[in-house]
Amino acid sequence: MVRTGNCLGGDDPVLPAPDAQNQKGLRDVKYISTRGNAPELSFEEAMLTGLARDGGLYVPESIPTLSAEEIAGLAGKSYEEAAFVVMRPFVGDAFTDEEFKGIIARAYANFRHDARAPLVQLAPNHYLLELFHGPTLAFKDFAMQLIGQLFQFSLARRNERVTIVGATSGDTGSAAIEAFRGLDNVDVFILFPHGRVSDIQRKQMTTPEDANVHALALDGDFDDCQAKLKDMFNDFDFRDGVKLAGVNSINWARVLAQVVYYFTSAVSLGAPYRKVSFTVPTGNFGDIFAGYIAKKMGLPIDRLVIATNQNDILHRTMETGAYTKEGVTPSISPSMDIQVSSNFERALFDAYGRDGGAVAQLMEELKDGSFAISQGAMETLREHFDSGRASEEETNATIASAFTATSEVLCPHSAVGVKVANAYLGEVPMVTLATAHPAKFPDAVEAAMGARPALPPHMADMMDKDERVTRVPNDLGALEALIKERIAQR
Ligand SMILES: *Cc1c(COP(=O)(O)O)cnc(C)c1O
């Protein structure tokens with residue numbers, strides 16, 4: 001089997017000719033880098049590549065739209081049917097309709113709720129979108145299960161093998177491992193900050209027995225993990241040598257998968273005939289950016305509210321126009337303990353009129369800790385996004401009060417969302433995204449409301465299983481050597 005995977009040069013294997021039936025009316029969608037200096041790629045290439053070679057993130061050259069009739073037509077459809085309609089225009093000729101439907105069906109088959117993303121009501125005009133019914137109990141499964149199926153399909157037909165390296169604050173890693181474990185064409189390495197993920201998050205990453213799964217505990221915080229990942233992508237010898245592929249939320253295919261539930265939930269509440277607002281617990285800005293894409297596609301979204309915990313760089317940025325890094329303070333919502341919010345670059349790219357040079361310049365400035373956003377770009381950002389922050393006490397109080405008022409048990413991330421959303425309730429229905437199952441964060445939930453949420457029965461034995469994990473220093477050379485050695489052993 002050939003190891004190739006970055007799909008950037010003329011030396012890549014030629015893709016099989018697309019099915020003729022599939023080309024009718026479908027443009028070949030092109031993906032461009034937010035820093036304006038990397039090759040244009042197809043959907044499949046952008047997906048297999050992850051980070052662009054100029055350090056930027058891939059975005060579609062233009063955003064396809066759905067008409068009001070097409071959006072109305074999603075009412076009453078299954079999640080899978082809606083997913084096909086929403087994502088199809090972004091995929092170009094990478095798959096036939098039948099192939100793409102099969103990929104979607106397999107991706108969501110392991111979810112434990114028939115609606116996949118059910119909506120429950122919290123208050124007269126406030127709804128909770130439960131995104132935690134996937135195999136690892138967090139919303140990351142929506143994207144990762146799809147990406148697992150997409151990779152498997154693409155790599156098998158190209159007869160290629162890749163090395164996936166992901167950085168995680170907890171939930172991405174377990175979701176990636178669950179999506180890629182046991183697949184033939186992939187080795188998956190997950191970097192997580194040692195001692196900074198919950199016991200359940202760690203167990204989910206360290207207990208799978210598959211030989212292609214490698215959990216690495218890094219001495220540092222999540223931003224260190226993410227920085228090392230970026231460094232690996234920018235080390236072209238290493239990147240090409242191991243055929244590095246990325247599945248962090250920088251991967252466009254992940255953002256795309258998350259667009260779907262904005263449509264299904266808004267349509268349940270009356271879109272396209274009625275506007276809907278969303279509040280999104282935010283770290284890396286991937287999930288809320290998917291909401292922005294849904295809006296650009298024509299979904300009548302009124303407000304998109306960024307909800308941060310005490311690590312509030314995005315909230316401060318919206319208030320002041322200055323994006324300034326501070327240290328990360330560990331919180332009870334660890335999956336949002338982030339200062340460098342990767343996907344924000346995609347929003348900046350649009351806010352700067354898609355000027356890749358301007359974005360590259362800002363990212364250069366960020367190396368010294370901060371950049372100032374132009375007034376024009378801030379106006380564009382504020383047109384789409386509001387923001388709020390929840391302190392640790394407010395998050396705890398929200399878990400307790402939501403339980404008293406509705407019997408709904410919120411995870412700490414979802415509670416940050418509900419707290420921030422409460423300030424934006426009004427005539428337009430508000431949907432707050434519930435990003436994880438409370439049982440993933442039992443200590444925080446118990447401290448807040450006095451009762452310990454139980455793991456779903458299929459996961460109850462996980463805490464007793466043996467762990468497999470390698471402790472690694474915060475050092476690029478050591479990490480790269482370890483990854484090469486592990487691959488050579490396979
Ligand atoms: C990843 C994660 C978030 C943050 O999502 P982003 O796309 O990074 O903004 C929020 N809550 C939970 C539970 C998560 O796992």
Side-chain angles (χ1 to χ4, degrees), residues 57 128-144 147 166-178 190 192-193 196-198 200-201 204-205 222-223 225-226 247-259 261-262 278-293 304-309 311-315 317 328 331-347 385 387 389-390 395 399 409-421 432-442 444-445 453:
L57 279 64
L128 193 71
L129 183 59
E130 291 186 349
L131 300 175
F132 50 68
H133 297 284
T136 70
L137 310 183
F139 84 90
K140 304 282 194 309
D141 288 324
F142 278 89
M144 212 62 89
I147 254 198
T168 187
S169 53
D171 296 323
T172 300
S174 47
I177 286 171
E178 197 55 41
I190 297 297
F192 67 88
R196 301 215 194 186
V197 299
S198 79
I200 290 168
Q201 288 178 318
Q204 284 182 324
M205 295 189 274
F222 171 67
D223 286 323
C225 295
Q226 193 161 249
V247 295
N248 268 81
S249 61
I250 52 174
N251 193 309
W252 170 258
R254 278 192 53 191
V255 173
L256 178 58
Q258 294 167 4
V259 175
Y261 46 69
Y262 287 89
F278 289 89
T279 300
V280 187
T282 304
N284 243 331
F285 210 78
D287 209 5
I288 193 160
F289 188 74
Y292 167 83
I293 294 295
L304 279 166
V305 185
I306 299 164
T308 74
N309 66 20
N311 296 296
D312 60 352
I313 187 165
L314 289 168
H315 177 53
T317 302
V328 172
S331 79
I332 56 170
S333 44
S335 303
M336 294 156 64
D337 288 347
I338 285 173
Q339 283 298 320
V340 182
S341 192
S342 304
N343 276 289
F344 192 57
E345 180 167 340
R346 289 186 160 117
F385 300 104
S387 69
R389 153 199 215 275
T395 306
I399 293 173
V409 182
L410 299 174
C411 92
H413 310 78
S414 313
V416 167
V418 168
K419 163 72 181 75
V420 170
T432 297
L433 274 52
T435 50
H437 192 288
K440 267 194 119 161
F441 304 93
V445 173

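Atoms within each ligand, like the ligands themselves, are counted from 1 in listed order. On a predicted model such as this, the values are computed, not experimentally measured, just so you know.
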- Got Asn248 and Ser342 here, is their nearest side-chain heavy-atom distance under 4.5 Å?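 Sidechains of Ser342 and Asn248: no contact.
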- Task: Quickly, which of Tyr262, Phe385, Phe278 forms a ring pair (Phe, Tyr, Trp, His ring centres under 6.0 Å) with Tyr292? Name it, please.
- Result: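 Among Tyr262, Phe385, Phe278, the one that satisfies the ring pair (Phe, Tyr, Trp, His ring centres under 6.0 Å) with Tyr292 is Phe385.
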- Give a yes or no on whether a salt bridge exists between Asp171 and Lys440, defined as a side-chain N under 4.0 angstrom from a carboxylate O.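 Salt bridge present between Asp171 and Lys440.
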Can I get a per-line list of side-chain donor-acceptor pairs under 3.5 Å for residues 413-420, giving both atom names and the distance, sequence neighbours left out?
unit_1: His413; atom_1: NE2; unit_2: Ser335; atom_2: N; d: 3.1
unit_1: His413; atom_1: NE2; unit_2: Ser335; atom_2: OG; d: 3.4
unit_1: Ser414; atom_1: OG; unit_2: Thr435; atom_2: N; d: 3.1

- Query: Exactly which residues line ligand 1, taking a heavy atom under 4.0 Å from it as the test?
  - Reply: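 Residues near ligand 1: Phe139, Lys140, Asp171, Pro281, Thr282, Gly283, Asn284, Phe285, Gly286, Asp287, Ser335, Met336, His413, Thr435, Ala436.
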- Task: Kindly write out the residues that satisfy ring pair (Phe, Tyr, Trp, His ring centres under 6.0 Å) with His133, not counting sequence neighbours, or none if the list is empty.
- Result: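 Per chain and number, His133 pairs via ring pair (Phe, Tyr, Trp, His ring centres under 6.0 Å) with His113.
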- Please identify each residue that fulfils ring pair (Phe, Tyr, Trp, His ring centres under 6.0 Å) with Phe222, with sequence neighbours left out.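 So Phe222 forms no ring pair (Phe, Tyr, Trp, His ring centres under 6.0 Å) with any residue.
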